[in-house]
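The structure appears right after this line, and notes come after that.
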Amino acid sequence: MNKRVIGLALSAATLLCFGVQSQAQPQRAPQSAALPDRPWLNRALSPEARARAAVAAMTLDEKLRLVFGYSDQAYTDLAKVSDDIVSPELKAYVVSHQVKGSAGFVPGIPRLGIPDQTQTDASIGVRNSLIPSTALPSSLATAASFDPEVPRAGGAMIGAEARATGHNTMLSGGVNLAREPRNGRNFEYAGEDPLLAGTMVGALIDGIQSNQIISTIKHYAVNDQESERTSIDVTISAEAMRESDLLAFELAMERGKPGSVMCSYNLVNGRWACENDYLLNKVLKHDWGFKGFVMSDWGAVHSTADAANDGLDQFTGFCCTTDTPWFGPPAMKAALTAGEIPESRLDDMAERIVWAMFAKGAVDDPVKPAPIDYAAHAAVSQQAAEDSLVLLKNDGALLPLHAVKSLAVIGGNADKGVLAGGGSSDVTPVGGGTTIDGHTYLPSPPLDALKRELPRARIAFDAGTDPAAAAALASRSDAAIVFVTQPDSEGYDGSLELEGNQDALVAAVAKANPRTIVVVESGGAIFMPWLPQVPAVLEAFYPGIRGGPAIARILTGKVNPSGHLPITFPASRDQLAHRELPGIGLPNETPVHITYDEGAAVGYKWYDAKGFTPLFAFGHGLSYTRFDMSRLAARTDGDALHVSFAIRNAGKREGKGVAQIYVAPADWKKAGWDAPKRLGAFAKAKLKPGQARTFDLIVDPRLLATYEAAGDKWHIHAGDYRLMLGDASDAPMQTVDVSLPEKVWSASHTGD
Ligand code: BGC
């Protein structure tokens, strides 16, 4: 359906200081003192009033322009579409105004001062085959920072690049839960826990939208595997959904207030996600009071009237010969004439779209090409990586490396760059990437960075193709670092086994040199059959455009690692909630089905409920210093449950400590929970040796409650609850008990 062209990187030199001239015509800035007959341009009015006034001034054809968006293929393929579907004038407009190479385009209404929507993927940076950009670490990586300021700063940076390259809409903010560890897009999301994912993605969106552009949370909802993503029907109860995947969306939307929501390709409980009355009208628009618009994932539309009436506001990504133009002018006009779509619904669709443009600043501060400080942006990405990489194992304090005279660096194309995830989030990196076996390596070779950090060491590289040769090099060196890479991508699900000979390579090197360190560049969890033989492992995820220096600075101790896992690493396939993924290996679009009978027991909750011991637990992460957690106390203040505690750096190096608070009812089954405990709060503190910091946090009541579909209510069951303070979901924890009264409240934000 979506053909992705991995474009050639333009020479960054010409773009370094001046950004890019996009094809988008800079829109005329609306006057602040609006003419009395153009009240929608009056910034003093509310976005609601402005949206209503603007839509009241629109003709039918103008409203219809807003609800039908074009993909990046429009530039070349729109001409093939019949003039009856898209008029010649509109075709000419789209082709001359779209930002060539970007994901999508929705024509504006110049007569009314409503700008075009120029849409670009995605969450690690601006994706455009013709425009180089700065890549953040994957969203899963930045979730590992357990610090919302990391994605917020990253979002502000990529949003600035979007703005400077002529885009006013980012398709960013992936918050599907890592329910399925093999999901090929887990790297685009923020892990398996609703609180962590919602907090981190909310902050990313907030950062992006601080540039007066729209950010799009996605993929709504339970699009938790890629195999047969366009034909899979997911069965899940309303209760489980509201306590897991939908809670992640709800929390992220409260924090980030995105202007738009992208509905997903799959079906949920028998209805397409993009024509799903429950998900779109009931939960999103009614219960959560969402005022913005729902755009489809690219081409994920299957009808005209049903989709419109069930809550879709904009068909996005049309082009040109494969999609049915469900929301094109002829189909919409026919449905309106037949009374299948009320006119008021079309007005609502248009109002929601322009509401987002007014509310987020896209009308008042039109985007225009501007210089980009790529060096400063790369520093943001490096900081994000340094805050996020997770030290999984460090036996005998092998790391940080010191006094190494000779070092063997092996495998993972560590001489070329660091791996990035594939699909619609894969950017064209500044400085030019390297494509190896179809995968993008960002121009940040760890080998070069290690040489810079260890100028006195003899460092030799072996590509790792022949384990015996690599082992021979390792045996002649003081220490060995093996880089392993696990490519993941949109459109297919990965494997937990490392590809090719990499497991054998690690085993051979570890046997040859007991001082072997493994650096993992992966989209998510992998199996590590060699773990007992390897003293140190650093999980680098996809670490972004400055991944090399971040890895080298952590390995050599310039940076103290502080990331904690946002996902569980399974020990074996037997531990997975779904041993087999439906659809793997079947032709595209084969109807398949999955029942999420694990309910809300996603990730560590599943492991806890089953009593499984994973390879590495959610929340796990080591440091070169030691943190004491103490003074755990709980108190209720009105309706709010407060938890307070202190983190102290009890070691000898400065570092950042992560405290995790888990909550558990005395009897989780009786309380109606799907698992024994939930993450209730978390905090990160940068501390010098001996320094301490105290926190007083509120546990969101939804994390203490169950959702009841009958009555649409959240319900805290009266009883004793235990609060646990630790630095991993499986670590020994301090506890305090608190008694909570029964509480029931509406799940609708307006209470009706
Ligand atoms: C992806 C979306 C993306 C869109 C536009 C789709 O295939 O699922 O995440 O935003 O394409 O590129």
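Small disclaimer: the values here were computed from a predicted structure and weren't measured. Read the numbers this way: they start at 1 and go in the same order the structure lists the ligands and their atoms.
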Compute whether any side-chain donor of one residue and acceptor of the other, for [X] and [Y], lie under 3.5 angstrom apart.
X      : Y      : value
Ser264 : Asp297 : no
Glu589 : Thr230 : yes
Tyr93  : Asp116 : yes

For Arg185, run the side chain to side chain donor-acceptor pair (under 3.5 Å) check against Ser424, Ser139, Ser489 and tell me which one passes.
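Of the listed residues Ser424, Ser139, Ser489, the side chain to side chain donor-acceptor pair (under 3.5 Å) partner of Arg185 is Ser424.
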With a cutoff of 4.0 Å, is [X] in contact with ligand 1, counting heavy atoms of the residue only?
X      : value
Arg229 : yes
Gln119 : no
Met262 : yes

Is Asp287 salt-bridged to Arg242, cutoff N-O under 4.0 Å?
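Result for this pair is yes, salt bridge flagged.
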Give a yes or no on whether a salt bridge exists between Arg65 and Glu62, defined as a side-chain N under 4.0 angstrom from a carboxylate O.
no
Numbering as shown, the atoms of ligand 1 that approach [X] to under 4.0 Å (heavy-atom distance):
X      : answer
Lys218 : 2 (C), 3 (C), 9 (O), 10 (O)
Ala103 : 5 (C), 12 (O)
His219 : 2 (C), 8 (O), 9 (O)
Arg185 : 1 (C), 2 (C), 8 (O), 9 (O)

Classify the contact between Glu490 and ligand 1 as side chain, backbone, both or neither, using a heavy-atom distance cut-off of under 4.0 Å.
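Under 4.0 Å from ligand 1, Glu490 contributes side-chain atoms alone.
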Name the option, out of Thr230, Asp121, Asp72, that contains the heavy atom nearest to atom 5 (C) of ligand 1.
Asp121
From atom 4 (C) of ligand 1, work out which of Asp297, Leu171, Thr120 has a heavy atom at the shortest distance.
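Closest candidate by heavy-atom distance is Asp297.
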So CZ of Arg229 and CG of Asn266: to nearest 0.5 Å the spacing works out to 10.0 Å
